[in-house]
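Below is one structure, written out as structure tokens; comments come after it.
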Amino acid sequence: MTAPLDDVVRHAGEWLRGEGPLHEIVISTRVRLARNVRDFPFLSRADADARREVAETVTTAVRRAPTLRDLVHIDVEHLDELDRLLLVERHLISRQHAEGTGPRCVAFRPDEAAAIMVNEEDHVRIQVMRSGLQVEAAWEQINAIDDAIEEHLDYEFHAQYGYLTACPTNVGTGIRVSVMLHLPALRLTNELEKVGQAARDMKLAVRGLYGEGTEALGDFFQISNQVTLGRSEPEIIDDFSRVVIPKIVEYERAARDVLLKNRPAALDDKVWRAMGLLKSARLISSTEAMQYLSHVRMGLHVGRLSTIDLQTLNELFLQVQPAHLQKLHGERLTGEQRSLERAAFIRARLSTN
Amino acid sequence: MGLCERCKKAKATFHLTNIERSGAKVERHLCDRCAAEEGLLQTPKATIDLNEILENFVASSKAGASELSQLVCEHCGISYVEFRNQGLLGCAHDYDVFKEPLGRLLERTHDGATEHTGKVPKSLGTTSRKPHADLRRLKRQLEEAVAAEDYERAAQLRDRIRELEQP
């Protein structure tokens with residue numbers, strides 16, 4: 001069962017390629033749909049047998065769908081703890097799903113652009129991830145996956161409330177659009193409040209790298225919708241692709257221009273100091289590594305540094321995470337051993353680059 | 001400093017801008033006396049009885065809570081109070097069993113919305129979509145495809161847009 005996971009650590013998923021519209025600021029676009037299978041209790045009232053039956057029903061439906069044949073199926077319930085964490089770091093499952101109990105699984109495309117979580121908070125959570133700002137394309141793909149599954153099972157659907165979800169905050173479309181942004185210049189110029197304001201104006205939430213309740217590591221922020229009822233999917237998507245994201249991207253670009261124009265030495269210092277630390281450190285935590293990698297990424301995009309390519313950088317963001325590091329190393333490591341191993345790994349990657 | 005537009009004697013101290021239904025702005029400038037006579041001047045009650053308000057609030061929420069605690073879904077066994085404590089519903093029937101209090105909650109969390117207007121499962125028949133909304137969506141997708149340099153997809157989208165634009 002773990003065999004497919006031993007290889008994934010060597011590369012970043014398709015969505016981390018660093019391509020797509022506005023990719024120098026928009027890391028990725030994620031769309032997820034929450035669904036529940038008809039005639040089963042929601043998970044807070046489902047015992048192990050009911051959960052198993054839900055998992056079987058959904059897995060059978062997915063396997064029957066011709067367009068979903070090539071998915072990799074993983075039994076999360078019986079997966080090793082480290083492998084579960086690995087899936088979380090790759091955004092293939094949520095922390096909640098990793099730490100949950102009872103029968104649960106995930107099926108994802110080999111390129112990791114789409115995943116179907118079974119028995120997380122709802123019976124079915126479908127997600128599609130894309131590089132850069134591609135909300136429309138992500139919606140089109142997830143809509144097709146949703147249709148393909150629905151050919152083989154019935155979802156709970158209410159005439160007034162739409163798709164029914166365990167938490168009423170997701171009812172209706174069950175959609176959550178999350179756009180991950182890299183905003184180092186806005187943080188350096190102390191203008192992040194502008195981002196919060198732009199998001200609040202459109203009733204959107206700002207979160208950290210791994211979603212709800214997580215911190216903004218390495219200047220990465222997620223913007224996501226909160227309203228799921230009373231607005232259609234294309235309307236919700238429009239808020240992102242037409243209104244909020246272009247505005248925030250403009251703010252970040254302006255902040256980068258200001259730094260370049262008024263304080264080029266301060267900017268270079270941030271970028272090169274970060275590079276120096278990454279190349280010299282003997283012990284480094286993942287939080288610290290993320291912060292320096294973030295500054296290097298900004299330096300690369302504003303043309304102050306060219307000794308590293310984006311692909312390597314994007315892979316490093318993933319590979320400095322605890323589970324990736326341990327998988328690459330081939331054995332479990334304590335916190336201090338990880339810091340040592342992480343620093344060595346980064347130095348090796350940067351010297352061969 | 002202008003004079004009151006009503007009595008044209010006293011100094012206008014009361015300024016009001018009304019936005020009419022048509023969107024037109026109507027400005028009014030009155031003296032205190034004329035404003036009071038027109039019923040526009042509402043002095044706030046000198047003292048607000050905070051205790052009275054609190055008592056009423058507690059009384060109403062107590063009555064509400066005891067009524068709500070009676071609400072139990074016979075299908076999954078969850079009570080409304082349990083739902084409020086854990087934040088998760090127990091089954092699809094809860095949306096009807098708890099309709100009244102849940103409806104208010106939904107309105108608050110979803111910016112006043114009370115009804116789904118999005119996708120409908122294919123098995124329930126297709127919704128009557130407006131073609132121009134589809135066209136707008138396709139054009140956006142085309143822009144996105146071009147920006148992503150996905151020309152194959154762009155060509156497909158262009159063809160679909162042409163089809164829809166045919167009279």
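Order of the sequence lines fixes the chain letters, A, B, ..., with proteins taken first and strands second; residue numbering starts at 1 for each chain.
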Would you compute the distance between atom [atom1] of [X] and atom [atom2] of [Y] and round it to the nearest 0.5 angstrom?
X: A/Arg130; Y: A/Gln141; atom1: CZ; atom2: CD; result: 5.0 Å
X: B/Leu102; Y: B/Thr109; atom1: CG; atom2: OG1; result: 8.5 Å
X: A/Arg207; Y: A/Ile223; atom1: CZ; atom2: CD1; result: 10.0 Å

Task: For chain A, the option from B/Ala92, B/Gly87, B/Ala147 that forms the most heavy-atom pairs under 4.5 Å - done: B/Ala92

Open item on the list: So which residue, B/Cys76, B/Ala148, B/Gly77, ends up with the most heavy-atom pairs under 4.5 Å with chain A?
Closed with: B/Cys76

Task: Aromatic ring proximity A/Tyr155/A/His123, centre distance under 6.0 Å - done: no

Contacting moiety of [X], where chain B heavy atoms sit under 4.5 Å:
X: A/Gln134; value: both
X: A/Thr165; value: both
X: A/Asn36; value: neither
X: A/Glu156; value: side chain
X: A/Arg242; value: side chain

TODO: Quickly, which of A/Val31, A/Leu204, A/Ile175 forms a side chain to side chain contact (heavy atoms under 4.5 Å, CB included) with A/Ile236? Name it, please.
DONE: A/Ile175

Open item on the list: By the definition salt bridge (charged side-chain N to carboxylate O under 4.0 Å, His left out), identify the one residue from A/Asp122, A/Asp154, A/Asp146 that meets it with A/Arg35.
Closed with: A/Asp146

Open item on the list: Need one label for B/Glu149: side chain, backbone, both or neither, based on atoms under 4.5 Å from any heavy atom in chain A.
Closed with: neither

Task: Heavy-atom proximity to chain A below 4.5 Å, by part of B/Glu82 - done: side chain

Heavy-atom pairs under 4.5 Å with chain B are the metric here; pick the option from [options] that has the most.
options: A/Pro168, A/Gly174, A/Gly162; value: A/Pro168
options: A/Val135, A/Val227, A/Leu229; value: A/Leu229
options: A/Glu235, A/Glu151, A/Arg45; value: A/Arg45
options: A/Ala137, A/Gly20, A/Pro41, A/Ala159; value: A/Ala137

Open item on the list: Has A/Arg104 got a side-chain atom pairing as donor or acceptor with A/His97's backbone, closer than 3.5 angstrom?
Closed with: yes

Open item on the list: Has A/Thr228 got a side-chain atom pairing as donor or acceptor with A/Val171's backbone, closer than 3.5 angstrom?
Closed with: yes

- [ ] Name, in order of residue number, those residues of residues 48-64 of chain A that have a heavy atom at a distance of less than 4.5 Å from a heavy atom in chain B; otherwise write 'none'.
- [x] none

TODO: Return yes if a side-chain donor-acceptor contact under 3.5 Å exists between B/Gln156 and B/Arg153, otherwise no.
DONE: no

Task: Distance-only side-chain donor-acceptor flag, B/Glu144 / A/Ser241, under 3.5 Å - done: no

Open item on the list: Using every non-hydrogen atom in the two residues, find where A/Phe42 and A/Ala166 come nearest and quote the distance to one decimal.
Closed with: CD1-CA, 3.7 Å

- [ ] Verify the neighbour count for atom NZ of B/Lys99: are there more than 12 heavy atoms of other residues, nucleotides or ligands below 6.0 Å?
- [x] yes

